[in-house]
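Reading through the structure tokens given below for one structure.
In each ligand, atom 1 is the first atom listed, and ligand 1 is the first ligand listed. Numbers here are sequence positions counted from 1. No experiment lies behind these values; they were computed from the predicted model shown. Keep in mind that the numbers below use all heavy atoms, side chains included, and drop hydrogens, waters and symmetry copies.
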Amino acid sequence: MSVRISPSLLAADFAHLDKEVQKIEQAGADAVHLDVMDGLFVPNITFGAPVIKCLRPLTKLTFDVHLMITHPLAYIEDFARAGADIISFHVESSDDPVQVIEKIREQGCTPFLALSPETPADAVLPFLDRICGLMVMTVHPGRGGQTLIPQTLDKVRLLRKKLDKDYPSLTLETDGGITLSNASEVIAAGSDMLVAGTAFFRADDPAEAVKRLRGEN
Ligand code: DX5
Ligand code: ZN
């Protein structure tokens with residue numbers, strides 16, 4: 001299966017989110033990445049479940065919701081009701097990961113576990129039995145348009161080995177600083193789902209960008 005591309009709305013024009021979601025669909029991407037920030041887990045604030053709910057009728061694409069929030073457990077139901085498909089939350093958040101994973105499953109969504117650049121791969125190993133995917137942050141969470149931190153690809157390689165050996169069905173998503181020039185390196189390191197904010201929304205030809213991110217052109 002080819003690598004999945006999940007453009008992040010963080011780099012979109014917030015005054016025209018409907019058109020921006022359509023742009024993602026028309027470009028042939030696989031998912032819509034929705035970055036939720038609470039001003040606590042990360043300094044910035046973006047949007048929450050009500051905005052996601054309004055966008056839900058616009059597309060059938062997978063809604064890939066990335067929770068950068070301190071207390072994910074309290075909000076899982078809201079995001080599930082709003083139409084989330086994948087829900088990623090951070091292993092560094094304050095809630096018990098097992099409880100959050102169970103809640104996501106109970107709400108009929110797909111649990112992914114995210115880890116920030118400074119968090120070692122070891123931190124997610126105890127949860128691999130319970131989740132459907134990992135999300136390795138390749139920049140510090142909190143804002144778009146940053147440069148990929150090369151050392152994070154070592155973690156991608158390490159986790160890819162582990163998944164290939166013991167959990168081949170898990171997705172390994174990567175998020176942050178992924179560009180048309182470095183996507184092939186990220187894929188070679190073992191990622192099979194790439195988030196791209198700036199690289200997608202600043203591209204002259206978004207469909208071409210999706211193909212190049214996948215390594216098809
Ligand atoms: C960063 C977000 C990313 C970000 C990616 O905290 O989680 O999803 O929007 O944007 P780019 O691709 O511009 O780094
Ligand atoms: Zn994200």
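With a heavy-atom cut-off of 4.0 Å, S8 touches ligand 1 through its side chain alone.
Under a 4.0 Å criterion applied to the non-hydrogen atoms of T198, ligand 1 contributes the atoms 11 (P), 12 (O), 13 (O). In the vicinity of M137, heavy-atom distances shorter than 4.0 Å reach the ligand 1 atoms 7 (O). Atoms of ligand 1 found under 4.0 Å from any heavy atom of G145 (numbered from 1 in listed order, with element): 11 (P), 13 (O), 14 (O).
With a 4.5 Å cut-off on side-chain heavy atoms, F63 and I52 count as touching.
In this structure, R157 pairs ionically with D154, as a charged nitrogen and a carboxylate oxygen lie closer than 4.0 Å. Taking 4.0 Å as the cut-off between side-chain N and carboxylate O, R105 and E102 do not count as a salt-bridged pair.
Classified by interplanar angle (parallel below 30°, tilted 30° to 60°, perpendicular above 60°), the ring pair H90/H66 is parallel.
Given atom 12 (O) of ligand 1, the protein heavy atom at minimum distance is G197 N, 2.8 Å. Ranking the protein heavy atoms by distance from atom 2 (C) of ligand 1 puts D35 OD1, 3.4 Å first. Looking at atom 3 (C) of ligand 1, its nearest protein heavy atom turns out to be D175 OD1, 2.9 Å. In terms of protein heavy-atom proximity, atom 6 (O) of ligand 1 is closest to G142 N, 2.8 Å.
Under a 3.5 Å cut-off, the side chain of T179 and the backbone N or O of N182 do form a donor-acceptor pair.
Tested against R4 for a side-chain hydrogen bond (donor to acceptor under 3.5 Å, both in side chains), the candidates D64, D192, T171 yield a single pass: T171.
Geometry about the Zn ion (ligand 2) gives an angle of 100° between ND1 of H66 and NE2 of H33, rounded in steps of 10 degrees.
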